[in-house]
Protein chains: 2
Amino acid sequence: MGATSARERDDEGRADVRWLDVEQQWAWRRFLEGTSRFFEALGDAHDQGLPVTLGEYHLLVQLSEAPGRTLRMSALADFLALSRSRLTHTVDRMERRGLVVRTPVPGDRRGVNCVMTDAGYAALVDAAPGHVTAVRRLLVDALTPEEFATLGRAMAKVADAARGPAAP
Amino acid sequence: MGATSARERDDEGRADVRWLDVEQQWAWRRFLEGTSRFFEALGDAHDQGLPVTLGEYHLLVQLSEAPGRTLRMSALADFLALSRSRLTHTVDRMERRGLVVRTPVPGDRRGVNCVMTDAGYAALVDAAPGHVTAVRRLLVDALTPEEFATLGRAMAKVADAARGPAAP
DNA sequence: TGACGATAGTTGATTCATCAACTATCTTGG
DNA sequence: CCAAGATAGTTGATGAATCAACTATCGTCA
């Protein structure tokens, strides 16, 4: 039977659901399995000798590209698609390890800037080669250039769909 | 500068890393952002009135398709790309709520079967329409049929790459 | 047969994520 | 000016994921 499969009817109400056909279901499951295994493998690659988790790494990347290696908490949360609370906790941990520091935002006394330290930058430089190598092996080089480009375009659309719930 | 970007050199060793070019990097970041936002949004849709999490839902789907609505723990872990430990904990929680039960495996006294109860099946039937609708809105209908099909094929390759670390 | 290594699954400690509640500042309409 | 509401960020409790260590059974090869 199965859920997401055509014909899940029994007798329940909801006759109006458009179930997935066999091919759609195949693609959907590959998507699920692929993302799951990919992130697991990428995380493993990071644990291999790197002292930053995958999430911390992405945070450092964002900071490294910002002017002054500095970004407001809210901007950071936005770029990383993280909840504010989660970012607070993550930055707590990284601050304890000296990878970032918090400073007040000049104009706005509610705001907090997150600034990458030299130690943070060093950690990023340290982790980058292994990271890129893993991303290549697991994703980029596993696909044809066309497939990878389509993947990028498709996921951009998906991000939009997830961001804006409804816009008539 | 950034990590995963071309030219991350400073002076470090590791001259041999093949960095991503601008387009590759764009695609890679869209992939990251898209998956992150997609799973967050899908999880939210599940919290809207459904008493099973996304992970539990997928577990029930697998069971619903197995003969006797029964699967060994190890097979289930495999299908769902879950660690054994995580599966144990998840099944613990679901068993407490009566969605599944554990039974011994006939031939092998090490083994444990996970069996879906009627309540588990009812929960699945209950959650399915909302689930499929969300998957459609956030993924399937957000893409062209070609894009979605390519996404499926691509992620199948990615899953393979992540499963087999190296096979000459 | 019986010792050894592999396989199956669990446990509990630690780490991490999530959620609701909270403080503080900022903005805007009256 | 100032009250109401929006924004920014934190906190702490709860629940879930991870990791290493552990028990038990199985398979096999000497």
Side-chain angles (χ1 to χ4, degrees), chain A residues 35-59 63 70-97 99-115, chain B residues 35-37 39-59 70-97 99-115:
Chain A
T35 50
S36 168
R37 293 200 193 274
F38 170 79
F39 285 111
E40 190 195 345
L42 189 60
D44 286 356
H46 266 263
D47 295 343
Q48 239 75 314
L50 276 317
V52 282
T53 68
L54 188 54
E56 291 171 343
Y57 179 81
H58 288 142
L59 194 154
L63 286 181
T70 299
L71 235 31
R72 269 187 90 131
M73 295 292 281
S74 50
L76 208 40
D78 209 43
F79 287 147
L80 297 169
L82 249 42
S83 75
R84 289 196 161 72
S85 173
R86 181 168 171 182
L87 181 62
T88 292
H89 289 307
T90 301
V91 169
D92 281 351
R93 292 188 284 265
M94 294 177 76
E95 196 170 22
R96 269 184 237 122
R97 286 186 284 145
L99 302 174
V100 298
V101 292
R102 275 184 247 235
T103 64
V105 171
D108 186 342
R109 270 181 303 183
R110 295 168 304 180
V112 173
N113 272 331
C114 184
V115 185
Chain B
T35 52
S36 167
R37 292 200 193 273
F39 284 110
E40 190 196 345
L42 189 60
D44 285 357
H46 266 261
D47 295 344
Q48 238 75 311
L50 276 317
V52 281
T53 68
L54 188 55
E56 292 172 343
Y57 179 81
H58 289 142
L59 194 155
T70 297
L71 235 31
R72 269 187 92 132
M73 294 294 279
S74 49
L76 207 41
D78 210 44
F79 287 147
L80 297 169
L82 249 43
S83 75
R84 294 208 158 76
S85 172
R86 181 169 172 181
L87 181 63
T88 293
H89 289 305
T90 300
V91 169
D92 280 353
R93 292 187 284 264
M94 294 178 76
E95 196 170 22
R96 271 185 235 121
R97 286 186 284 144
L99 301 174
V100 299
V101 292
R102 276 184 247 236
T103 64
V105 171
D108 184 344
R109 270 181 304 182
R110 295 168 302 178
V112 173
N113 273 330
C114 184
V115 185

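First the proteins, then the strands, lettered A, B, ... as listed; each starts at 1. Side chains are part of it too, since the values below use all heavy atoms of this structure and drop only hydrogens, waters and symmetry mates.
In this structure, the side chains of B/Thr90 and B/Thr53 stay at 4.5 Å or more apart for every pair of heavy atoms.
Considering CG of B/Leu82 and CE of B/Met73, their distance stands at 9.5 Å, rounded to 0.5 Å.
Heavy-atom minimum distance, A/Thr35 versus B/Phe39: OG1-CZ, 3.6 Å. When all heavy atoms of A/Asn113 and A/Pro104 are compared, the closest pair comes out as ND2-O, 3.9 Å.
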Problem - Protein proximity profile, nucleotides 9-19 of chain C - base contact B, sugar-phosphate-only contact S, no contact -, cut-off 4.0 Å on heavy atoms - result: BBBB---SSBB
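Regarding B/Met94, its CE atom lies at a distance of 12 Å from the P atom of D/dA16, rounded to whole Å. In this structure, the CG atom of A/Leu71 is 15 Å from the C1' atom of D/dA8, given to the nearest Å.
For D/dA24, the OP1/OP2 oxygens have no side-chain nitrogen or oxygen of B/Arg109 closer than 4.0 Å.
The closest donor-acceptor contact from the side chain of B/Glu95 to the backbone of B/Arg102 lies under 3.5 Å.
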